[in-house]
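Down below is the structure, laid out as structure tokens.
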Amino acid sequence: MKNNHLLPFKPFALLVLLLCITSYSYSQKPDYRYEVESLLSEMTLDEKIGQMNQLNFEGLNDELLQKVKRGEVGSLLNVTDTEVINILQKAAIENGNGIPLVIARDVIHGYKTIFPIPLGQAASFDPEVARIGACVAAAEASEHGIRWTFAPMIDIARDARWGRIAESLGEDPFLSALMGAAMVRGFQGEDLSLPNNIAACAKHFVGYGAAEGGRDYNSTSITPLALRNTYLPPFQKAIDEGVATVMTSFNDNDGIPTSGNSYLLKDVLRQEMEFRGVVVSDWNSVGEMITHGFAADGKDAAMLSANAGLDMEMNTELYVTHLKQLVQEGKVSVADIDNSVRYILQMKFRLGLFSNPYVKIKKTSVVYTDAHLQAAKEAALKSAILLKNENNTLPLKETQKIAVFGPMADAPYDQLGTWIFDGEANHTVTPIGALKSDKAYENIKFTYETALSPSLKDADVAVVFLGEESKLSGEASSLSDINLRGTQSALLKEIKATGKPVVLVIMAGRPLTIERDLPYADAVLYNFHPGTMGGPAILDLLFGRANPSGKLPVTFVREVGQIPLYYNHNNTGRPAPDNARTLNADTKDVKQTSVGDVSHYLDSGKGPLFPFGFGLSYSRFEYSELSLSSPTISMNDSLIVSVTLRNTSNIDGVEIAQLYVRDLVGSIIRPVKELKGFQRVSLNAGETKIVTFTLFSDDLAFYGIDLIRKAEPGFFDVWIGGDSKTSPDKKRFELK
Ligand code: BGC
């Protein structure tokens, strides 16, 4: 199978993409200690407090200019007009105290060129997809003066009702950590002072995705061990990668909102995790501590956050209003304020803002260059997941006449997904848009109807595009019903009734409950909202110009009532066997007994619809001969785990081989499986490769009963397979 989807590169675009192609390891040096300390020593208390204030831009007016000139603003978010940015920057530098503003905005999965939503990028199991996506976003956003983004969102998300699962990297700490760190590298580059690099923000610290009932902003009850074993690892990885900033979350954990939680911010984030960048609040999250019932009023809220170590307050201006008085009353220390200002100034030095504060208007824009569009298409190709393919319905032949149906076939705005402040629907290439006007598909015969029509009679196959509007996922877009909405399932059923083969293509912001729809589709290609280039990417996959390789970064449940259901759960004392009793005609008369009762739902069985890590290909892969370099591993040593991977089909493809372990007995129960490694392996038709992973004893470490991170001696099982469930073989080794 050949990659025919390469577009010609323009030389300038190629140069831009080359910037994104280099890999490196990020260094925090220089730390600008001398510059920061000398500037700090000259600043008044008012100026220091001003640096801790981040305002939302609501238009250029005299009031704002005066505030900037008086040094009452350290950062602005949501200003994208470069001329306005330069006017404001001039007010700060030439007419104010000389300290530049840092301009921030949510650039989540692209600025103008939109990549698949983060959940989709995670499905690629390819950190390079995430890094290049972030690098492209940084190049486009910085052209508009933005030097700080509030991404990546690395909240572990195990509840598909939560709308922000779309913005997450899925349910697994290991995958989220690697993809999140890659985004940090992509946004920040090797040298943050280069004008096309922007500061990243690991968010939301912490546990925001564990909202009770999947309802956004809701409380969480994360225990100290779960915090360290599940929710903190992606943040630690981002910190190790040099992430410039961290955002506090809206939620309270166990009754304490993070924005006022000095244990979490000082003891955990600063001391345990050694974060040395800026901690910014979420939008209004300082003020919202009043609504929570944690702060009495704005002054109390400002005091709680400042004492907790929150450096910059977003939007509510409680710091500028109250901190000075709080210092005078001895309720907030100048030492704490100095520390916050140090971090803020250091970020501004690292961004090179003191030497290059103004946005330089570029002669040639990098926005929507061919290289960027091509990278977005590549990401969409790698992010699509083939969930079902009966009778080899896919790939379609280019000679087949296709009848296209469904609302997502030509939904330029919704295809982009959530959080695209700057994305433009008129640049989206939908499947129908590509079929109509992209030369690459000019020979494909298709009809397109929003409802059933007689045209289906002449077609060889129906391709039905269903899913979710983008506004149904993302912030404050939680759902209690995650079925396909409206008449979509009915349309699919009706099309299937015609007897034609049916290909279902879904574009959605979350894993929907599609069990009831599966019987009406011969093949299913699932796309988490795929972005600007989703259309051509999907067509290439449907017609076999490219081969699907994505794997699920989240478990697909059968019914919403199974949530939370994730692969790396603990074992109960009564795990359900595969043949566990379910509600059906045979069991309706069964009497209650305490024998044989197991942990599952009577009505939806014990397992998921599709497990974490699952995804098919047009190729067929076979795993065999799992082997270990040794039956034991010593502390601070490593073990080689290898497997033979065969492409038994006559189609070239890529398989994501996944390594899972289980620690059989621990000081606390260890999950039934934990992902510890993955590789994208390219295999030509008929090719065999030995895939090897090096497992270090440190990979087996976790926070145990004593809250200390270490690997505990004992036995471990290890698997390598194509998903978290169906590995054919396992091996056991001992950690000594
Ligand atoms: C979101 C953040 C976002 C911020 C600024 C909040 O509502 O929770 O993730 O960065 O707004 O737009």
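Counting convention: from 1, in listed order, for ligands and their atoms alike. Since this is a predicted model, take the numbers as computed values, not measurements.
A donor-acceptor pair shorter than 3.5 Å can be found between the side chains of Glu171 and Thr555. Side-chain polar atoms of Glu424 and Tyr368 form a donor-acceptor pair below 3.5 angstrom.
Taking the six-membered ring for Trp and the full ring otherwise, Tyr566 and Phe612 have centroids separated by 6.0 Å or more. In this structure, Trp283 has its ring center at least 6.0 angstrom away from the ring center of Phe150.
Using a 4.0 Å heavy-atom criterion, the residues that approach ligand 1 are Asp106, Phe150, Arg164, Lys203, His204, Met247, Phe250, Asp282, Trp283, Met314, Trp419, Glu475.
Here the shortest heavy-atom pairing between Leu194 and Arg147 reads O-NH2, 3.3 Å.
The closest side-chain heavy-atom distance from Ile156 to Arg158 is below 4.5 Å.
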